[in-house]
Structures are given as C-alpha cells and as structure tokens.
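To start, the structure under review is shown below, and the notes come after it.
As a basis for the values below, the full set of heavy atoms in this structure was taken, side chains included, without hydrogen atoms, waters or symmetry mates. Just so we're clear, the structure is a prediction, and the values are computed from it rather than from any experiment. The first residue in the sequence is number 1, and the count goes up from there.
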Amino acid sequence: MPIKLSMRMISTFFFNDIQKENLLESLKKGEMKSIVYRHIESGKNVWHSLRLIRGLEANDEYFVLGVLNIDEEVRKQHEQEKLRKEAMTYNEIATQLAERYDTIYYVDIETDNFVEISATDMYRALDVPSKGKDFFEESVSNAMRIIHKQDQQIFIEHCIKDKILEKLEKDSTVQFDYRILYGDSVVYARLSIMITKDKKHLLYCVENRQAEHETEAALKKEKEKSVIYGQIAESLASYYATIYYVNSEDDSYVEFESTDIYKSFHVPDKGDDFFEESRKNIMRVVYPEDRDKVIRIMSKEVILEKLKDKRVFTERYRLVVEDKIKYTRLSIMWAQDKKHLIVGIENIDDQVRALKNAKEKAIRDELTGVRNKNAFQDYESDLQKKINADEIDEFAIVMCDLNDLKKINDTQGHKAGDKYIKDSCKMICRVYTHSPVFRIGGDEFVVVLFGEDYENREALLEDFRNQIEENVKNESIIIVATGMAVYDPEKDDRVTSVFERADDLMYENKRNLKKKKKNNISK
C-alpha cells in the first residue's frame, strides 16, 4: 500500500523506520513495529503511536499502518512520574526536619483521633499512648503524670482545641517551653503546634531542648511514605522563611518555600549552581558588614567540612529589607539520602530584637538611664581580661557618692530623692561626656576614663570639684564627693585595686565636703 504521511506530522527521528524496506524486514521477523511520536495540532504537541500490523492475506508484502492518539495516556504517565518525584522530595525534607523532634502527633481536628508518627526511646519510656480516640483528653491525663507540676497549667491550656485553633488563625506555629519528669531527671522540652495545609489535622511536635551532648537524637526512621509526610513537610517548612534543596554532587537546587520577604529579593527558585547564585545574591541582599562572613561560609567545601562533625550547621547574619536591617539565621543539614543538602533560612528578627531589648533593660538603670551594676560587672570583667593579656596601658576610675541622699528621702520623700539622683547623674555625665557612667548603688556612681577624658582627667576632676565647692557655698542640694585613681601597670594587676584607691579618695573628699558644709552653716 502506498505510504502518504505529511512531513510536518512526522518527526525526523523515526523517518528511516517507516521506509518500505525496513517495514517489510520487520514483518519477516514477525515483529509488530510501534513508534511513539508527536505532531502539532492547533499549535500544540499531541502524542501519537504509529503501529505496523500484519495483513490478513498470506502475502508477506501486505501490511497496515495504524495511527493511535495516545496523548492523554502519555501525559498521565508524565504527571504520575512528576508526582512520584515530588513525593520523594517531600519525604526527604519531612524526614530530615522531623528529626529535630522527639515525637510528632498527627491529630484529626474533626474526630480528635490521633496517631504518633515518631518517638525516641526516652519518650516511649514515658508510656504515652501512640494512638487513640481523644488526643486532648489523653494529653491532659498524661500532663498530670509526666509534666513538671509548675508547667502543668500552661501545658493543659495548650490542649484546649478551640483555643489552639484560634491562636493558629493568627500565627502559623504556637510554641512554649516546659519540663518533663523522666525518672529522677527533669528534661526541658518545647512543644510546637501547627496546622497542616489541608486544615484538617494538627501536628503536636515535642522537641528535646537539653544540651546537644545530653540529647539522644536517634529517632526511628519508621516513617510512612504517604500524603501525611507531604503535609508534615509543608507544615514544618513554615518554620523557615525559605528552604532550598541542593544537590551536593552537581550543585543544582530548587526552592521549596519562600515568604513574601524573600520573593521581593527576586532570587531564582531553581538553578544549576546554588553556591555561585548565593554569592551573587549575597552582594545584593546581605548587610555590608556581614557579606565577607556569609560569602566565606557559603562555600560548598566549608559547608561539607562543617557537617562532618555537626548534625546542623548554623550561622546568623543580617539582611537589608526595604532599607531596614533584618536578623536571619541560616541552617544547613544533610537530607536522609546524604546526597542533598537542605538549606533553611529563618527570620529571627523579632527574637533578636526582643533579646537585645531585654538585655539592654537588664544593664540600664531605670531611674537615670545610665548603665547599672550588672553592666559594670561585665565591663570590669572585660577590662580585667585586657589587663591579663597586656592589652591595655592606661585608664582611670572616678568614684562618685551623693551626700545626704538618705536625709533627703527621710525629710522630703523619695520623689525628691529620685530628683536629686537624676540631677546629680546629669552633672556627672556633663563633665565626663566621653566616658561610660555606671550607677552601682543607690547613691554611688562609677566613671571609667579612656581617651580624651583620660588625657584631661585632672582638669575634669578639678572642674567637677569646683562646681561642688560652689554648690556648698550656695547651699545647693547637689553635693557629690569624688575620688580618682589611675591604673599603674607596674603595681596594679586587678581592676579592683584601682577601684579601691578611687573609693578611698572619694571618702576622703566626702569628709572634707562635710566639714566645709558645717563651717559654711556655722558662719
């Protein structure tokens, strides 16, 4: 039979196969020839199969060519293969991220049924059921048995389903720390509660917060290869601002999660060289002072070396987002296949700023705004380290003491006493404008002199004392005794030596001021 097929319809890769001689040769061998190809219909590629069928008559040179549209079948096969690969990747991420937890409970929101996805040996020893019909009732019962008494109430509050669902409408994750009674020991833990993407299940994840060397991080790899792990991967991934899945052999990568902040950076969501792409992006989005550090650690050789003896490699740095600095933490770990790296970038800006604010409050005197006794102890410790290492040659300490504070409090009230303290502090700060001032007691201040104030120390002290002398004559309320001692490398091996000399000189000045005030009154 004549063969008339459009060259537009047939791909050149099988052109030789439909030559008459080749088709006859296939018939002689008893073969059924089948060629899968694509041709264009209405501007789209459509999959077809061209098949050679033996004729009904005995003539060996008689054959039939049949064309079948197999587009839907082929596309379904491609889609199934794509889903299979995506599921494998999700399982990799879910398994690795789940390893940070001692146990994970998967709770049906509608029925309250639950199942334990994974658990460490320690958690199994607590005899907590691995499945059941009422997770919240079971959790309250177990809390009374294994949770530290002081933490039971907060734990029970997080086992009220309606309250948890209300909180999860505002935040993607609800977390709190508590303590577990394990034998004769107390184990610190953190509970993270998340809702899965289908909004039908809750994840209750218990993380051991003991020091890493005390933690038994051997989780059983008895994980189901199912849709549950796709949901777990997405839920746990929300812990990070973005996640990259990097092939450590060829450096290719794909992005699996990204917040609006990271999308605004226009970082490619996949590519052939993760490390080269990272170096380019570092120059665009990382805070200038942190760029060299981040470029150094974002080397494949450095990361692989770090992961030889660490389960997770972390580093903190800063980004510039809309002209504002944002604190970020990078976490890198091996995927379960030991071929891929999971790179998670976490937004820790709120945590860092809260910690800085708390630390600042802890070292600031609430009344005057200068640094407090805690800050001075830290400062003294750093100064001592420099003395021990022969890294410092000169500094001086000025001790200041407010006269008659108790008398003012007793006769005029504490409000007047607070004003006296604040006014005296302002005077000290005006004189020693280039030096740190600390309030170390109710009526005591310390100033540590370096640089310009150290060079002018005698003139500054004289100026300060002259002002106090005038205050005594004018019967002003602000009377501050002072004493200054200079560090001598030849005889001072402790900061306290300089401090004590300044303190002694301050008391000598205090006695002199009281005499002058008494003489002034008698006149």
Short side-chain to backbone donor-acceptor contact, [X] and [Y], under 3.5 Å:
X: D404; Y: K407; answer: no
X: N474; Y: E470; answer: yes
X: N456; Y: E452; answer: yes
X: E315; Y: L330; answer: no
X: N509; Y: T482; answer: yes
X: R371; Y: F438; answer: no
X: R284; Y: N281; answer: no
X: N247; Y: S252; answer: no
X: Q384; Y: D493; answer: yes
X: R190; Y: E207; answer: no

What's the spacing between [X] [atom1] and [Y] [atom2] if we round to 0.5 Å?
X: D504; Y: R501; atom1: CG; atom2: CZ; answer: 9.5 Å
X: L181; Y: K149; atom1: CG; atom2: NZ; answer: 11.5 Å
X: E462; Y: E469; atom1: CD; atom2: CD; answer: 10.5 Å
X: I397; Y: L383; atom1: CD1; atom2: CG; answer: 7.0 Å
X: Y253; Y: I243; atom1: OH; atom2: CD1; answer: 15.5 Å
X: L449; Y: H434; atom1: CG; atom2: NE2; answer: 11.5 Å

Determine the minimum heavy-atom distance between [X] and [Y], stating which atoms define it.
X: Y420; Y: S424; result: O-OG, 2.8 Å
X: A481; Y: M506; result: O-CG, 3.6 Å
X: G417; Y: N409; result: CA-OD1, 3.2 Å
X: V498; Y: V486; result: CG1-C, 4.2 Å
X: M194; Y: C205; result: CE-SG, 3.7 Å
X: L126; Y: I180; result: CD1-CG2, 3.7 Å

Quick test of your reading of the model: are E346 and R329 salt-bridged, counting only N-O distances below 4.0 Å?
yes
Greater than 12 external heavy atoms within 6.0 Å of [X]'s [atom1]:
X: D272; atom1: CG; answer: no
X: Y188; atom1: OH; answer: no
X: K510; atom1: NZ; answer: yes
X: K373; atom1: NZ; answer: no
X: E391; atom1: CD; answer: yes
X: K293; atom1: NZ; answer: yes

Quick check: do [X] and [Y] have side-chain heavy atoms less than 4.5 Å from each other?
X: E249; Y: K339; value: yes
X: I392; Y: F450; value: yes
X: R439; Y: I421; value: yes
X: I363; Y: N372; value: yes
X: V446; Y: M399; value: yes
X: I345; Y: Y244; value: yes
X: L341; Y: F274; value: no
X: F445; Y: V398; value: no

I'd like to know whether Y317 forms a side-chain contact (heavy atoms from CB on, under 4.5 Å) with I297, so could you lay out the CA-CA distance, the side-chain angles of the two residues, the decisive distance to 0.1 Å, and finally the verdict.
CA-CA 11 Å; Y317 59 95; I297 64 175; 5.5 Å; no
Could you go through the side-chain contact (heavy atoms from CB on, under 4.5 Å) check for E289 and R318 one step at a time?
CA-CA 9 Å; E289 291 182 9; R318 291 164 290 181; 3.7 Å; yes
Step by step, work out the side-chain contact (heavy atoms from CB on, under 4.5 Å) result for I387 and F395.
CA-CA 11 Å; I387 290 175; F395 70 89; 4.1 Å; yes
Taking atom types as modelled and ignoring hydrogens, do the side chains of Q175 and T173 form a donor-acceptor contact shorter than 3.5 angstrom?
no
Q467 versus D463, side-chain donor and acceptor atoms under 3.5 Å
yes
My understanding is that only residues two or more places apart in sequence, or in another chain, count here; which of them pass ring pair (Phe, Tyr, Trp, His ring centres under 6.0 Å) with Y432?
none
If you look only at distance, which donor and acceptor atoms sit under 3.5 Å apart when one is on a side chain in residues 156-171 and the other is two or more places apart or in another chain?
{"residue": "H158", "atom": "ND1", "partner": "I154", "partner atom": "O", "Å": "2.8"}
{"residue": "K161", "atom": "NZ", "partner": "I109", "partner atom": "O", "Å": "2.8"}
{"residue": "K161", "atom": "NZ", "partner": "D112", "partner atom": "OD1", "Å": "2.8"}

Apply side-chain contact (heavy atoms from CB on, under 4.5 Å) to L304 and K308, showing your working.
CA-CA 6 Å; L304 295 182; K308 283 183 179 179; 6.0 Å; no
What is the ring orientation for F176 with F155, classed by angle as parallel under 30°, tilted 30 to 60°, or perpendicular over 60°?
perpendicular
Determine the sole option in Q412, K406, H414 for which the side chain to side chain donor-acceptor pair (under 3.5 Å) test with D410 is passed.
K406
